[in-house]
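Worksheet: the structure to be examined is printed underneath.
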Number of protein chains: 2
Amino acid sequence: MAGNRAPTIYDVARRAGVAASTVSRAFSRPGRVAAGTADRIRAAATELGYRTNPVARATATGRTSMIALIVTDVTDPATAELLRGAQEAAGAAGFTTVVSDAQDDGVPQREALERALSTVDGAVVAAPHAPDTALRSLVAQRPAVLLDRMLDGLPSVVPDIADGMRRLMAHLGELGHEMVTYVAGPADAWADGMRRRGLRQAGCEYGVQSRRIGPFPATIAGGMTAAGELLRRPTTAVIAYDDLIAIGLIRALSARGILVPQEVSVVGFGNVAASALITPGLTTVASPLRAMGALGVRNLLGLLDGSGSAASEALPVRLVVRGSTAHRRRNPASAGRGSLIVSGAGSYLPVATL
Amino acid sequence: MAGNRAPTIYDVARRAGVAASTVSRAFSRPGRVAAGTADRIRAAATELGYRTNPVARATATGRTSMIALIVTDVTDPATAELLRGAQEAAGAAGFTTVVSDAQDDGVPQREALERALSTVDGAVVAAPHAPDTALRSLVAQRPAVLLDRMLDGLPSVVPDIADGMRRLMAHLGELGHEMVTYVAGPADAWADGMRRRGLRQAGCEYGVQSRRIGPFPATIAGGMTAAGELLRRPTTAVIAYDDLIAIGLIRALSARGILVPQEVSVVGFGNVAASALITPGLTTVASPLRAMGALGVRNLLGLLDGSGSAASEALPVRLVVRGSTAHRRRNPASAGRGSLIVSGAGSYLPVATL
DNA sequence: TTGAAAGCGCTAACAA
DNA sequence: TTGTTAGCGCTTTCAA
C-alpha cells in the first residue's frame with residue numbers, strides 16, 4: 001500500500017499516461033485539453049478518488065476562491081438572510097465563504113478578522129454601525145462590497161430606502177395621519193441618515209408632517225426605551241428605524257395600556273421573521289435581504305475578475321401591511337386614560353374609508 | 001519600488017540579516033530562536049508590514065487552521081447562536097471558520113460542502129435532520145463533532161434533554177396537569193427520540209400521563225397543522241417538539257378562540273428569541289446554545305491536536321417559565337369562548353413577561 | 001541556535 | 001494539444 005495520503009495530480013498523471021500539467025489543465029481549464037485525453041484523465045481521477053486540492057491551487061495562483069462575509073452580528077435575523085443569499089451566490093460560483101463575526105469591531109475579534117481577510121480574495125461586509133475608518137482599512141486590504149450601507153465610492157448594495165419611506169408615508173397618509181414621529185436608530189448608521197432624508201422628502205410629497213426622537217439603539221430594548229419618550233410627546237403614528245425598535249415600542253406601549261394600532265400606528269423597517277409573530281403583526285418595509293446578499297457577492301466576484309463595475313445598487317423594497325397600522329381615530333375611545341392622540345393642530349381629519 | 005506584492009519571509013530575512021528559515025521559526029515556533037534574533041526579526045517584520053501567509057503555511061503543513069461549521073439552516077435562530085459560540089471559540093484558538101449552509105443536504109449544495117470540507121482541518125456539524133449516511137460520509141473525510149445530536153460513537157455536544165423533560169413535567173405537574181400531549185417533531189430527528197424517551201421517564205417520575213401526536217415538521221406551519229389534530233383530541237397541556245411548533249400551535253389555537261394558557265398550557269424546547277416575543281410568552285426549555293457551539297469547537301480542536309477524547313457531552317438546560325403555562329382549569333369556560341378573542345390584533349391577552 | 005535545501009500540490013509560461 | 005520546468009511562500013529535516 002502506497003501510504004494513505006490523498007492522491008495528487010501526479011498519481012493521476014501516471015495512471016492516465018500523461019504529464020501532471022495536463023491533469024492540472026484538465027481540471028482547471030477544461031477545453032484546453034483534447035476530449036479523449038480529458039476522458040482518460042477523468043477516469044483515472046475517479047478510480048483513484050482524486051480531488052483537487054484548493055490550498056495548493058491557491059498557493060500557485062494567489063487566489064483562494066474564498067470570500068469573507070464580514071458581519072457584526074450573526075444572530076441578527078436580517079444578517080442571517082443576507083448570509084444565506086450570499087452563500088448561495090458564492091456557492092453557485094464555486095466560491096467558499098468564510099464568515100467572520102466582527103461583533104461591532106470589538107478588539108479581540110480584530111485578529112480573527114485579519115486572519116480571515118488574509119485568506120480570502122475579497123469580502124462582502126454587512127456592518128451597519130462599524131466606523132468608517134474600520135471599513136476603509138478593510139477595503140485597503142481586499143476588494144470589498146458593502147451591504148446595507150454606502151460609503152463614498154465604495155461598491156455597495158442597499159435597499160431603496162427613499163422609496164420605502166415613500167410607501168410608508170403614502171400608507172400612513174391614506175390612513176389619515178397628518179404627522180408622524182420618527183424613532184431614530186444609531187446616529188452613526190448610514191441607514192438612519194437615509195431614513196431621515198427619505199422622511200423629509202416623502203413628507204413633502206404626501207403632505208405629512210414629521211418630527212424625530214432618538215437616537216436609540218437598534219434593539220428591542222432600545223424600542224422600549226423610546227416608548228417612554230414617546231409617551232411624553234403624543235403622536236398618532238410612528239415610524240421606527242427598524243423592526244426591532246418597532247417591536248420594542250409595541251411591547252412597551254401595550255404594557256402601558258396603549259392600544260396599537262387603535263391609538264397609535266407603528267411601522268418598522270426590515271420585515272424580520274419576528275415582525276409577523278408579534279401581536280399585532282408589524283407593518284413594515286421589507287428589504288430583499290436574500291437578493292442583496294446574493295447581488296453583493298456577484299458584484300464582488302465581478303470586481304475580482306475585472307468584469308464588473310464598482311457601482312452601488314439600490315434594490316426595490318416592498319411594503320408589508322399587517323395589523324400595527326390603522327386609521328387615525330377621530331374620537332379616541334380611550335379619552336379617560338393617558339391617550340397618545342394629539343388633539344391639536346386644529347384641523348379635523350377627513351375620515352377615509354378603510 | 002520593488003513591486004507591490006506583500007512582503008515574504010525572504011524580505012524579512014534579508015532585512016534582519018538572517019535566513020528565511022529563521023524567520024519562519026520566529027513566527028511558527030517562538031522559543032526555538034534566540035531572543036535577540038527574534039527581536040530583530042519582529043522589528044524587521046513590522047517595518048515591512050509583513051504578515052504570515054496562511055495559505056502558504058497550509059500547503060507546507062497540510063493544516064489550514066480552518067474549521068467548517070456545517071449547518072442546515074443559517075436562518076434558524078438557534079443555529080445562529082450555535083454559530084456565534086463556535087466562532088468565538090474558534091477565533092480564540094486562532095482558527096478561522098468556514099460556514100457551509102448545507103440546506104438539508106440538497107443536491108446543489110453538496111458540491112459547495114465538498115469544497116469547504118477539503119480546505120478545513122475538521123468540522124462542527126449542526127444538522128438535526130440530516131440522514132445518518134450523510135453524516136457518516138462527512139465524518140469519513142474529516143474529524144468532526146456533532147451538535148445537538150448524537151450518532152454512534154461520534155463525538156457530540158448535546159443539551160440534557162432528559163433533564164429538560166423532567167423540569168417540564170415537574171412544572172406541569174405542579175400546575176395540576178395530569179396528562180400531557182406531546183406534539184412530535186420529525187420522526188428521523190435524534191432529538192425527537194430523546195424527547196419521547198424523556199417523556200416516558202419523567203411521566204413515571206411525576207405521575208403524569210402522556211400521549212403523542214405527529215410527527216410534524218419543526219416549523220411554525222407544522223405547529224399550526226398540529227393544532228388541527230389537537231382540537232380533535234382535547235388536552236390541558238401540550239409539550240411541543242420545539243419552540244417553532246409551539247409558536248405555531250399557540251397562534252392557531254388563539255385564532256380558533258382557544259385560550260392559552262387558560263384552556264391549554266403549551267411549552268416548547270429551545271428558547272429562541274421569538275418565544276419571548278409572542279403573546280403569551282412561551283414557557284420553554286433553554287439549551288445553552290452558545291456554550292454548545294463553543295464546546296463543540298473546543299472538542300474538535302482537542303481531537304485535531306490529539307489532546308482530546310472523542311466523547312459526547314450533555315450540557316445542562318434550564319426551564320424558562322413565561323405566560324403560556326397556567327394551572328389546569330377545573331371548569332373550562334368554554335361557554336362564552338371565541339367572543340373573547342380578537343384574533344391577531346387585540347391586546348386582551350396579557351403581555352408576556354420578558 | 002542557525003542556515004541550506006528539499007519539498008507541499010498545484011499552476012503557468014514556454015517549447016515542442 | 002501536450003510536456004518541461006519553474007516557481008507560489010512557507011515549513012522542516014539535516015548539518016553545521
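Sequence lines set the chain letters: A, B, ... in the order given, protein chains first and strands last, and positions in each chain run from 1. Only this structure's heavy atoms are used, side chains among them; waters, hydrogens and symmetry mates stay out.
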What is the distance from CG of A:Asp11 to C1' of C:dC8, rounded to the nearest Å? 13 Å
Among A:Leu154, A:Leu135, A:Val157, A:Val125, find the residue that satisfies the side-chain contact (heavy atoms from CB on, under 4.5 Å) test when tested with A:Arg149. A:Leu135
Quick one: A:Arg5 CZ to C:dG7 P, roughly how many Å, whole number? 13 Å
In whole angstrom, give the distance that lies between atom CG of A:Asn53 and atom C1' of C:dG9. 6 Å
Of A:Val139, A:Asn299, A:Leu303, the residue whose pairing with A:Pro155 passes side-chain contact (heavy atoms from CB on, under 4.5 Å): A:Leu303
If you check the B:Ala34 side chain, which of D:dT11, C:dT2, C:dT11 turns out closest? C:dT2
Any base atoms under 4.0 Å from B:Arg63, or only sugar-phosphate, or nothing? Heavy atoms, all strands. nothing
Counting side-chain heavy atoms from CB outward, which of C:dG9, D:dG3, C:dT11 is closest to A:Ala56? C:dG9
Spacing of B:Ile9 atom CD1 relative to D:dG7 atom P, expressed in whole Å: 16 Å
Contact under 4.0 Å: A:Thr22 side-chain N or O vs D:dT2 OP1/OP2: no
I want to verify a distance call: between C:dC10, C:dG3, D:dT2, whose nearest atom is closest to the A:Thr8 side chain? C:dC10
Quick test of your reading of the model: are A:Asp305 and A:Arg63 salt-bridged, counting only N-O distances below 4.0 Å? no
May I ask you to say what A:Val18 touches in the nucleic acid, namely base, sugar-phosphate or nothing, with a heavy-atom cut-off under 4.0 Å? sugar-phosphate
Listed pairs under 3.5 Å, donor-acceptor, residues 14-29 of chain B side chains, sequence neighbours left out:
{"residue": "B:Arg15", "atom": "NE", "partner": "B:Glu47", "partner atom": "OE1", "Å": "2.7"}
{"residue": "B:Arg15", "atom": "NH2", "partner": "B:Glu47", "partner atom": "OE1", "Å": "2.4"}
{"residue": "B:Ser28", "atom": "OG", "partner": "B:Ser24", "partner atom": "O", "Å": "2.8"}

Please state whether the phosphate of C:dC10, meaning OP1 or OP2, lies under 4.0 angstrom from any side-chain nitrogen or oxygen of A:Tyr50. yes
Identify which nucleotide among D:dT2, C:dT2, C:dG9 has an atom closest to any side-chain atom of A:Thr37, counting heavy atoms from C-beta outward. D:dT2
Using the side-chain heavy atoms of B:Arg25, tell me which of these nucleotides is nearest: C:dA4, D:dT2, D:dG7. C:dA4
Side-chain contact, heavy-atom cut-off 4.5 Å: B:Thr59 with A:Asn53? no
Residue B:Ser21, side-chain atoms from C-beta onward, closest of D:dT1, C:dA4, C:dT11: C:dA4
Quick check on C:dC10: is either OP1 or OP2 less than 4.0 Å from any side-chain nitrogen or oxygen of B:Thr59? no
Nearest-angstrom distance from the residue atom CD1 of A:Ile41 to P of D:dG3: 8 Å
Provide, to the nearest angstrom, the distance between the CG atom belonging to B:Asp39 and the C1' atom belonging to C:dT1. 15 Å
Presence of donor-acceptor pair under 3.5 Å, side chain of B:Tyr10 and base of D:dC8: no
For D:dT2 and A:Arg32 - does any side-chain N or O of the residue sit under 4.0 Å from the phosphate oxygens OP1/OP2? no
The side chain of B:Ser24 is closest to which nucleotide in this list: C:dT11, D:dT2, D:dT11? D:dT11
Could you state the atom-to-atom distance from CZ of B:Arg29 to C1' of D:dT13 in whole Å? 11 Å
Give a yes or no on this: more than 12 heavy atoms of other residues, nucleotides or ligands lie within 6.0 Å of atom CZ of A:Arg32. no
